[in-house]
Amino acid sequence: MAPSAAPQRTVIENVAIATVDADDTEYACGHLVVAGDRIESVGAGKAPEGLADVGRRVDGTGHLATPGLINTHHHFYQWITRGLATDHNLFDWLVALYPTWARIDEDMVRAAAQGSLAMMARGGVTTAMDHHYVYPQGTGDLSGAIIGAARDMGVRFTLARGSMDRGEKDGGLPPDFAVESLDAALAATEETVNQHHDASFGSMTQVAVAPCSPFSVSTELMRQAAELARRLGVRLHTHGSETVEEEKFCHELFGMGPTDYFASTGWLGDDVWMAHCVHMNDDDIAAFARTGTGVAHCPSSNARLAAGIARVPDMLAAGVPVGLGVDGTASNESGELHTELRNALLINRLGAHRQAALTARQALRLGTYGGARVLGRADQIGSLEAGKLADLVLWKVDGIGHASIADPVTALVFGAAAPVTLSLVGGEPVVEHGRLVHADEDAIARATRDEARRLARIAAGS
């Protein structure tokens, strides 16, 4: 048998590097060597001499290299309902939009996923996730459409296969035809895991078990979903402690706050992460820290829906794993994760810790290594270290928006959204000079516009 060919190398030199490793190692002018889908070396100065099989050399002058950004909470389908219910709190916003969301179908979901993924990828996201929980009856293979869109875009992806079994007749918010029965939700979730989840080191597609939220899901579905996830060996995701109304709902319905309710249903643990977690007291934070339960912090959405300011500095101090999330683009119309670095820093400085809340480097860690921890992949992605997957981004920081800021990490986090010159996922280009490699942005824009208009017509005629 002939020996297999050596992997092609990509060599990046003359670049500032923020590794986001355990020591926050940085290089003012360094190099990265990628061999196949892995990082082979990272360090100061030029790359080692005499490297074989170099397929590409990149001059990183004027750029900052960071790990690729990792999105830990999103709802892709909302891309085609942006700009609606713009002056509502969470519950009123849900009441206004559920009748429209309940009319989505496979073509709409595919276009919305393409739009969501395109916006994130061109802004430095190399690992995306989608919490999809609206499965109207007879509307096609929605999970397959989402996973296919991520595969075509070339990004690493986690589908959080959501579910709802509490419709209007049971006191929930969604229309009854847009929810599943308990048994159907569990069966469909298990089928999605069996069909699509890849647990391997360099996996491009993973699946999590993800009932929507306490106010749209029965207690039995919460309990059985946790049991299902652990039997299948996958992670768990849901919304938690997002608003004061949710806190009141949990006390009225369950006789306890959200964190205690989650504990009672098996939903605390190092295989769990929750979106938002805005209204957490000291005991709640201690419980998350003690159990290793993660948090997806969504600062722009929390502000858009007037939910409040999550206690991120206190979570980090306690040891809670925290990553960043875009959240659905019906509550964060920009759909970009790199703007969340800045918003996380600024919004948290409005809280109790004020200017000491977060630094630029802590914000970058939330969007990279923090997200990797939350998704259970910190040994693979989230930092630039030899042996890890080559998911990395070169940000242009020598242009008019950033050139007068001496520190490149400060430029990236505090400054305007930096252009992406190169984004690699597993060593393969996904973005080159600000444009997607595997997708036609103009065609995606047209498709999302057309599907948004079609959905609006269907919803108006219902």
Chemist: Kindly compute the distance separating OG (Ser218) from CD (Gln224), expressed to the nearest 0.5 Å.
Modeler: 8.0 Å

Chemist: Closer than 3.5 angstrom, by distance alone: can the side chain of Trp395 be matched with the main-chain N or O of Gly124 as a donor-acceptor pair?
Modeler: no

Chemist: Glu245: what forms a salt bridge (Lys or Arg N to Asp or Glu O under 4.0 Å) with it, not counting sequence neighbours?
Modeler: none

Chemist: Would you say Gln195 and Ser143 make side-chain contact, with heavy atoms under 4.5 Å?
Modeler: no

Chemist: Just distance, no hydrogens or angles: give the donor-acceptor pairs under 3.5 Å from side chains in residues 410-422, sequence neighbours left out.
Modeler:
{"residue": "Thr410", "atom": "OG1", "partner": "Asp407", "partner atom": "OD2", "Å": "2.5"}
{"residue": "Thr421", "atom": "OG1", "partner": "His63", "partner atom": "NE2", "Å": "2.7"}

Chemist: Taking Ser241's backbone N and O only, do any of them form a donor-acceptor pair with Glu246's side chain (distance below 3.5 Å, no angle check)?
Modeler: yes

Chemist: When the side chains of residues 250-259 are checked against the rest of the protein, which donor-acceptor pairs come out under 3.5 Å, sequence neighbours left out?
Modeler:
{"residue": "His251", "atom": "NE2", "partner": "Glu247", "partner atom": "OE2", "Å": "3.3"}
{"residue": "Thr259", "atom": "OG1", "partner": "Asp284", "partner atom": "OD1", "Å": "3.2"}

Chemist: Are Arg166 and Val217 close enough that some pair of their side-chain heavy atoms sits under 4.5 Å apart?
Modeler: no

Chemist: Donor-acceptor pair, Thr126 side chain versus Val425 backbone, under 3.5 Å?
Modeler: no

Chemist: Can you check whether Phe157's main-chain N or O pairs, donor with acceptor, with Thr127's side chain at less than 3.5 Å?
Modeler: no

Chemist: Can you name the salt bridge (Lys or Arg N to Asp or Glu O under 4.0 Å) partners of Arg110, sequence neighbours left out?
Modeler: Glu106, Asp107

Chemist: Kindly say whether Pro429 contributes a backbone atom to a donor-acceptor pair with the side chain of His438 at under 3.5 angstrom?
Modeler: yes

Chemist: Specify the closest pair of heavy atoms between Phe249 and Pro214, including all atoms of both residues, with the distance to one decimal.
Modeler: CE2-O, 3.8 Å

Chemist: Between atom CD1 of Ile17 and atom CG of Leu392, what is the distance when rounded to the nearest 0.5 Å?
Modeler: 9.5 Å

Chemist: Run the side-chain contact (heavy atoms from CB on, under 4.5 Å) test on Tyr135 and Arg161 for me, step by step, so that the C-alpha distance in whole Å, both residues' side-chain angles and the decisive distance to 0.1 Å come before the verdict.
Modeler: CA-CA 10 Å; Tyr135 288 89; Arg161 204 292 180 183; 3.5 Å; yes

Chemist: If the condition is salt bridge (Lys or Arg N to Asp or Glu O under 4.0 Å), which residues does Glu451 pass it with, not counting sequence neighbours?
Modeler: Arg454

Chemist: Quick check for you: to the nearest 0.5 Å, what is the distance between Asn348 atom CG and His353 atom NE2?
Modeler: 9.0 Å

Chemist: Flag the pair Arg361 and Asp24 as a salt bridge only when some basic side-chain nitrogen lies within less than 4.0 angstrom of an acidic carboxylate oxygen.
Modeler: no

Chemist: To the closest 0.5 Å, what do you measure between OG (Ser423) and CZ (Arg122)?
Modeler: 12.5 Å

Chemist: Between Ser300 and Glu340, is there a side-chain donor-acceptor contact under 3.5 Å, judged purely by atom types and distance?
Modeler: yes

Chemist: Backbone N or O of Ala357 within a donor-acceptor pair of the Arg349 side chain at under 3.5 Å?
Modeler: no

Chemist: Is it the case that His73 and Asp327 place a side-chain donor and acceptor less than 3.5 Å from each other?
Modeler: yes

Chemist: Just do the side-chain contact (heavy atoms from CB on, under 4.5 Å) check on Val437 and Val430 with the steps written out, would you?
Modeler: CA-CA 5 Å; Val437 172; Val430 172; 5.6 Å; no

Chemist: Ring pair (Phe, Tyr, Trp, His ring centres under 6.0 Å) with His276: which of His131, His237, His239?
Modeler: His239

Chemist: To the nearest 0.5 Å, how far apart are CZ in Phe91 and CZ in Phe215?
Modeler: 4.5 Å

Chemist: Is the backbone of Gly426 close enough, under 3.5 Å, to the side chain of Asp391 for a donor and an acceptor to pair up by distance?
Modeler: yes

Chemist: Scan the side chains in residues 374-381 for donor-acceptor partners under 3.5 Å anywhere in the protein, sequence neighbours excluded, and list what turns up.
Modeler:
{"residue": "Arg377", "atom": "NE", "partner": "Gln380", "partner atom": "OE1", "Å": "3.2"}
{"residue": "Arg377", "atom": "NH1", "partner": "Ser203", "partner atom": "O", "Å": "3.2"}
{"residue": "Arg377", "atom": "NH2", "partner": "Phe201", "partner atom": "O", "Å": "3.2"}
{"residue": "Arg377", "atom": "NH2", "partner": "Ser203", "partner atom": "O", "Å": "3.0"}
{"residue": "Arg377", "atom": "NH2", "partner": "Gln380", "partner atom": "OE1", "Å": "2.7"}

Chemist: Between Arg103 and Pro99, is there a donor-acceptor pair closer than 3.5 Å when you use the side chain of the first and the backbone of the second?
Modeler: yes

Chemist: Under 3.5 Å, side chain of Arg373 to main-chain N/O of Val320, donor-acceptor pair present?
Modeler: no

Chemist: Apply side-chain contact (heavy atoms from CB on, under 4.5 Å) to residues Leu337 and His74 and explain how you reach the verdict.
Modeler: CA-CA 10 Å; Leu337 192 69; His74 209 318; over 6 Å; no

Chemist: Quick one: does Asn302's side chain get under 4.5 Å of Ile347's, heavy atoms only?
Modeler: no

Chemist: Do any N or O atoms from the side chain of Asn332 and from the backbone of Val326 form a donor-acceptor pair under 3.5 angstrom?
Modeler: yes

Chemist: Would Ser213 and Tyr133 count as having a side-chain donor-acceptor pair, cut-off 3.5 Å?
Modeler: no

Chemist: Contact between Thr139 and Ile104 at the side-chain level, heavy atoms closer than 4.5 Å - yes or no?
Modeler: no

Chemist: Should we count CD of Glu432 as having more than 12 external heavy atoms under 6.0 Å?
Modeler: yes

Chemist: Please report the interatomic distance CG(Asn281) to CG(Asp314), rounded to the nearest 0.5 Å.
Modeler: 11.5 Å

Chemist: Is the closest side-chain heavy-atom distance between Met108 and Asp105 below 4.5 Å?
Modeler: yes

